[in-house]
Amino acid sequence: MAAESTIMIVNPNTATAMTEAIVAAARRVASPGTTLLGGTPASGVSAVESNVDEVWGSVGVLEQVHRGERLGVHGYLVACFGDTGVAAAKELAAGPVVGMTEAALLTAALIATRFTVVTMPRRTREQSHRVVRALGLEHRCAIRAVDVGVAEVAGGSAHLLDVFAEQGRAALDEDGAEAVVLGCAGLTELVEPLTAALGVPVVEGVAAGVRLVESLLALGLSTSRVGSYAAPERLGPVAR
């Protein structure tokens, strides 16, 4: 890897303000030599909160990765809990692609025997379960949710501290959790106050993901092209 690298943070929804907030949060943990670009679909859905939303969001992810390839981006972080479009993006990108969910879960697994995801809204719990199952962490990870829409964190998440703290305490008492994973890209503001309130590590996937992409680039590692993530033969409308 060169001394400097460019990472695109892809937001699968069309909320530009959320993309800007996510990139700003990521800059606080990125290495000095890392350039961060935001990727926001020009069309699609304003939030990813259903299976239909995920389909549109996945198209948006692929469009942004295709744009990033033209710009010479070295690696990608998909900033949506549930890792919308990540598998397809891994086929398309030359460099490493990391989903914020897999990054958060793998980070939590390094520091705690058991941990709980607190995601939002409630109907998206299955998206979290899907990634947990794919990583083989069902025996270590529980899923909780607060019934709050993604749009409510577009301008910040401090107002949700009490409701997340309530679920966090339940995770410690009822799930045996030793760490808490925040299940949305817009929850960075909650990390420090929740850590103080709960007394356990609180993992946020955008921060974990940026550092993980940087590590893969530093190690000269990218997605294997043998089998599952071989380059696609057809790009379809993504190549517009």
Side-chain angles (χ1 to χ4, degrees), residues 9-13 15-30 36 38 46-49 77-84 98-112 114-125 127-129 131-132 137 141-212:
I9 301 179
V10 184
N11 173 14
N13 70 49
T16 303
M18 180 170 283
T19 305
E20 293 172 352
I22 293 168
V23 172
R27 284 201 178 100
R28 292 196 284 271
V29 299
L36 298 179
S46 59
V48 178
E49 298 181 348
L77 172 66
V78 178
C80 182
F81 216 82
D83 291 351
T84 299
V98 172
M100 68 169 291
T101 316
E102 59 186 1
L105 294 173
L106 292 172
T107 299
L110 293 173
I111 60 174
R114 290 193 58 80
F115 43 95
T116 293
V117 171
V118 183
T119 191
M120 54 182 278
R122 189 167 289 125
R123 70 173 294 174
T124 65
R125 283 177 295 186
Q127 279 89 332
S128 297
H129 279 296
V131 184
V132 169
L137 292 171
C141 181
I143 309 291
R144 292 177 173 270
V146 297
D147 219 8
V148 174
V150 173
E152 291 200 33
V153 299
S157 57
H159 62 292
L160 296 178
L161 176 59
D162 289 344
V163 68
F164 271 83
E166 179 183 0
Q167 287 300 315
R169 292 187 190 97
L172 304 187
D173 294 341
E174 299 172 20
D175 305 339
E178 300 166 357
V180 170
V181 174
L182 296 178
C184 182
L187 299 176
T188 304
E189 286 181 298
L190 297 183
V191 173
E192 290 188 11
L194 271 181
T195 301
L198 300 177
V200 299
V202 176
V203 181
E204 192 278 312
V206 171
V210 166
R211 297 298 285 182
L212 187 51

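Hydrogens, waters and symmetry mates are skipped; everything else that's a heavy atom, side chains included, is used. Start at 1 with the first residue, then count along the sequence. From a predicted model like this one, the values you see are computed outputs, not experimental measurements.
We find the CD-OG1 distance between Glu178 and Thr116 to be 10.0 Å, quoted to the nearest 0.5 Å. From Thr195, atom OG1 reaches atom CG of Leu190 across 10.0 Å, with rounding to the nearest 0.5 Å. Put simply, CD on Glu192 and CD on Glu204 are 12.0 Å apart, with the number rounded to the nearest 0.5 Å. Rounding to the nearest 0.5 Å places CD1 of Ile22 at 12.5 Å from CZ of Arg27. For the atom pair CD of Glu174 and CZ of Arg169, the computed distance is 13.0 Å after rounding to the nearest 0.5 Å. Note that the SG atom of Cys184 and the CE atom of Met100 stand 7.0 Å from one another [nearest 0.5 Å].
Between Leu137 and Ala109, the shortest heavy-atom contact is CD2-CB, 4.3 Å. Annotation for Gly82 and Val131: closest pair O-CG2, 3.7 Å, computed over non-hydrogen atoms. Taking both residues in full, the closest heavy atoms of Ala185 and Ala79 are given as CB-O, 3.6 Å, listed atom of the first, atom of the second, then distance. For the pair Leu172 and Ala177, the tightest heavy-atom approach, listed with the atom from each and the gap, is CD2-O, 3.2 Å. Here the closest heavy-atom approach between residue Gly183 and residue Val117 is recorded as CA-CG1, 4.2 Å. Summarising the geometry of Leu198 relative to Ala165, their closest heavy-atom pair is CD2-O, 3.9 Å, with the distance given to 0.1 Å.
Using a 4.5 Å heavy-atom threshold, the side chains of Leu36 and Ile9 count as touching. The closest side-chain heavy-atom distance from Ser46 to Asn13 is not below 4.5 Å. A 4.5 Å side-chain heavy-atom check between Val48 and Gln127 finds every atom pair outside the cut-off. Residues Leu105 and Phe115 are in side-chain contact: their nearest non-hydrogen atoms beyond the backbone lie under 4.5 Å apart. Here the side chains of Arg144 and Asp175 are in contact, with some heavy-atom distance below 4.5 Å. At a threshold of 4.5 Å between non-hydrogen side-chain atoms, the residues Val153 and Met18 count as touching. Residues Ser157 and Thr188 are not in side-chain contact: their nearest non-hydrogen atoms beyond the backbone lie 4.5 Å or more apart. The closest side-chain heavy-atom distance from Leu182 to Leu194 is below 4.5 Å.
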- Query: Hey, mind stepping through Val148 and Leu160 against side chain to side chain contact (heavy atoms under 4.5 Å, CB included) and telling me if it holds?
  - Reply: CA-CA 9 Å; Val148 174; Leu160 296 178; 4.1 Å; yes

- Message: Set out, in order, the CA-CA distance, both residues' side-chain angles and the distance that settles side chain to side chain contact (heavy atoms under 4.5 Å, CB included) for Glu20 and Thr16, then state yes or no.
- Response: CA-CA 6 Å; Glu20 293 172 352; Thr16 303; 3.7 Å; yes

- Task: Might you work through the side chain to side chain contact (heavy atoms under 4.5 Å, CB included) test for Val180 and Phe164, ending with a clear yes or no?
- Result: CA-CA 10 Å; Val180 170; Phe164 271 83; over 6 Å; no

- side chain to side chain contact (heavy atoms under 4.5 Å, CB included) between Arg211 and Thr107: does it pass, once the steps are laid out? CA-CA 10 Å; Arg211 297 298 285 182; Thr107 299; over 6 Å; no

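Between the Glu49 side chain and the Val150 main chain, a donor and an acceptor come within less than 3.5 Å of each other. Using modelled atom types, one side-chain atom of Asp83 and one backbone atom of Glu102 make a donor-acceptor pair closer than 3.5 Å. Side-chain N or O atoms of Arg125 include one that pairs as donor or acceptor with a backbone N or O of Arg122 at under 3.5 Å.
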